[in-house]
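Working notes, beginning with the structure itself.
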Number of protein chains: 2
Amino acid sequence: MSGLTIATWNINSVRLRAAQVAAFAQEASPDVICLQEIKCQEDQFPYKAFVEMGYPHAHVTGQKGMHGVATVSRLPIEPLEMQPVCSREEARAQRVRIEGIEIQNYYIPAGGDEPDPETNPRFAHKLDFVERLEAYVRERAKEEADIVAVGDFNIAPHENDVWSHKQLLSVVSHTPVETEGLERVRAAGDFIDVARALHPEEEKIFTWWSYRNRDWRKSNRGRRLDHIWVTPSLRVPALSSGRAAFTVWDHTRDWEKPSDHAPVTLRLKV
Amino acid sequence: MSGLTIATWNINSVRLRAAQVAAFAQEASPDVICLQEIKCQEDQFPYKAFVEMGYPHAHVTGQKGMHGVATVSRLPIEPLEMQPVCSREEARAQRVRIEGIEIQNYYIPAGGDEPDPETNPRFAHKLDFVERLEAYVRERAKEEADIVAVGDFNIAPHENDVWSHKQLLSVVSHTPVETEGLERVRAAGDFIDVARALHPEEEKIFTWWSYRNRDWRKSNRGRRLDHIWVTPSLRVPALSSGRAAFTVWDHTRDWEKPSDHAPVTLRLKV
DNA sequence: GGCATACGCG
DNA sequence: CGCGTATGCC
């Protein structure tokens with residue numbers, strides 16, 4: 001086969017937006033879709049809708065009402081055990097193997113409002129999650145597996161991953177303690193941040209725009225919270241076809257009742 | 001002019017269904033629409049939508065979240081004082097004058113589950129409302145005004161106003177204490193029940209179907225809860241054109257996210 | 001701003 | 001079943 005396209009999308013309720021996933025799948029034609037914030041239990045997942053749109057294989061890690069991740073695929077999925085990266089019992093991480101490639105799907109905690117782990121337990125939880133993830137990634141790096149790690153990381157690591165670096169330095173998602181923590185995770189696995197490997201640091205790239213900005217495109221106060229990382233072993237398949245390999249499908253943000261996140265895709269040449 | 005068409009519709013949230021009212025108005029072309037269960041305060045009423053669909057005149061009696069009645073009109077409205085028919089401070093009744101005809105718009109309490117005023121305060125409130133309405137109607141009858149009284153009365157008075165007379169005799173909306181009370185109201189004003197003046201007692205007529213029956217038309221477990229009454233002075237304008245004067249627009253129940261009530265119209269020849 | 005939850009009500 | 005209400009979370 002000529003390629004494998006992997007999408008990641010924080011869908012903010014998969015039951016409400018299965019039809020939007022179908023519309024996106026129709027145009028982007030991903031082989032694998034990693035979803036975050038499915039906001040349902042396994043038995044509430046709209047499997048039928050995914051079968052109908054061409055994704056008969058699914059691995060769903062859900063819980064009641066909040067969080068939840070799922071990976072759906074055209075090709076058979078081998079579900080893999082996930083280490084307890086999350087200290088709370090929350091459905092935030094899963095991994096599968098498809099066509100010999102390991103795909104890790106993460107929904108890192110948002111972290112609440114105040115960027116102070118002493119006063120804000122959610123921020124403490126976020127930092128803890130990132131630290132555990134670093135340890136996990138470091139341990140796994142010994143295997144030298146082909147890994148694509150994707151998801152809503154809820155951290156915008158670089159200056160041009162937010163609409164205003166200065167104004168967001170003390171805003172959760174872009175504080176130094178978060179961006180440095182995420183960089184340690186990346187370095188622990190020697191991961192390539194595909195978006196930044198293909199686009200210069202000076203170029204603004206966003207994948208999320210708050211619901212609270214009513215003209216999201218005009219004000220463009222976005223952040224790059226959704227990421228696709230690959231292990232060095234996948235450098236050539238991921239990067240050799242150039243910028244066309246990586247796409248943020250931001251027009252979905254104009255749809256009726258959209259998710260606040262846009263889907264992101266990587267075309268792997270394999 | 002050749003006629004005045006008056007509609008009544010329990011809309012079950014006017015903010016959610018302003019577009020459905022527009023679609024109904026387009027086909028039924030009523031001059032006046034009396035709404036019940038608007039479920040909003042006056043300042044939340046979608047006046048603009050009604051102006052755009054040709055009803056620039058409105059009299060809104062609302063409250064937060066529940067109940068609420070409104071009358072909208074193509075022709076100028078003269079709001080009239082409403083006596084305190086409701087012992088609680090609930091937005092359940094209003095009256096207006098349009099083209100010299102008084103229009104009374106009622107939302108009689110539903111009455112809860114148990115048809116026992118001793119144990120169920122909502123049923124007691126319903127009976128109290130009906131009793132007060134009887135007194136009001138009797139008092140007003142002396143004036144011999146031209147009155148059209150409409151609304152969701154939450155009572156199905158006759159055997160063929162419910163899908164099963166026997167099975168509903170002890171179900172709130174069709175118990176003898178309710179149907180007899182409503183009959184006393186009607187008699188107090190010498191009102192003509194237009195639906196039954198035009199259709200024989202043997203014919204089933206329904207205006208409401210529970211949301212809980214998923215195939216409402218097939219099971220057809222309806223009730224006639226919505227009524228149009230006229231004073232004897234309006235007998236000829238109301239009845240002389242025959243059955244075409246009165247319509248239950250039950251196809252609205254097939255629309256997406258419908259109200260559980262269908263709109264009902266009376267064409268007055270004036 | 002929008003999506004879950006649970007509740008009261010019809 | 002499907003409206004409102006409220007609260008939590010992102």
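Order of the sequence lines sets the chain letters (A, B, ...), proteins ahead of strands, with each chain counted from 1.
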### Message
Should the side chain of B:Arg122 and the base of C:dG8 be counted as holding a donor-acceptor pair, with the cut-off at 3.5 Å?
### Response
no

### Query
Atom CZ of A:Arg212 to atom P of C:dG1: distance rounded to whole Å?
8 Å

### Query
To the nearest angstrom, how far is A:Glu114 atom CD from D:dC10 atom C1'?
16 Å

### Message
Taking 4.0 Å as the cut-off, does a side-chain nitrogen or oxygen of A:Lys64 come that near to OP1 or OP2 on C:dC3?
### Response
no

### Query
Listed in order of residue number, which residues of residues 6-17 of chain A have a non-hydrogen atom at under 4.0 Å from DNA chain C?
A:Asn12, A:Ser13, A:Arg15, A:Leu16, A:Arg17

### Task
For ring-ring contact (aromatic ring centres under 6.0 Å, His included), just list the numbers for A:Trp229 and A:Tyr106, CA-CA rounded to whole Å, side-chain angles, deciding distance to a tenth of an Å, and then say yes or no.
CA-CA 11 Å; A:Trp229 290 353; A:Tyr106 296 111; 8.5 Å; no

### Query
Starting at CZ of B:Arg223 and ending at P of C:dG10, how long is that distance when rounded to a whole Å?
13 Å

Pairs under 3.5 angstrom only: tabulate donor-acceptor contacts from the side chains of residues 259-266 of chain B to other protein residues two or more places apart or in another chain.
unit_1, atom_1, unit_2, atom_2, d
B:Ser259, OG, B:Asn10, O, 2.6
B:Ser259, OG, B:His261, N, 3.0
B:Ser259, OG, B:His261, O, 3.4
B:Asp260, OD2, B:Trp208, NE1, 3.1
B:His261, ND1, B:Asp226, OD1, 3.3
B:His261, ND1, B:Asp226, OD2, 2.8
B:Thr265, OG1, B:Trp249, NE1, 2.8

### Summary
A:Trp216 atom CH2 is separated from D:dC10 atom P, nearest whole Å, by 23 Å

#### Entry: Residues B:Thr8 and B:Gln36: side-chain donor-acceptor under 3.5 angstrom
yes

### Task
Taking all heavy atoms of B:Val14 and all of B:Pro46, pick out the closest pair and write down the distance.
CG1-CD, 3.7 Å

### Task
Let me know, please, whether A:Gln44 or A:Asp260 comes out on the 5' side of the other along DNA chain C by nearest nucleotide.
A:Asp260

### Query
Rounded to the Å, how far apart are A:His174 NE2 and D:dC10 P?
20 Å

### Query
Which residue, A:Trp255, A:Trp9, A:Tyr55, forms the ring pair (Phe, Tyr, Trp, His ring centres under 6.0 Å) with A:Phe24?
A:Trp9

### Integer-rounded Å distance: D:dG2 P and B:Asn213 CG
12 Å

### Query
Rounded to the Å, how far apart are A:His261 NE2 and C:dG2 P?
15 Å

### Task
Mind listing the closest non-hydrogen atom pair of A:Pro117 and A:Ala124 along with its distance?
O-CB, 3.6 Å

### Between P of D:dG2 and CD of B:Glu37, the distance in whole Å
15 Å

### Query
Which pair of heavy atoms, one from A:His67 and one from A:Glu90, lies closest together, and at what distance?
NE2-OE2, 3.7 Å

### Most 5' of A:Lys257 and B:Asp152 on DNA chain C, judged by nearest nucleotide
A:Lys257

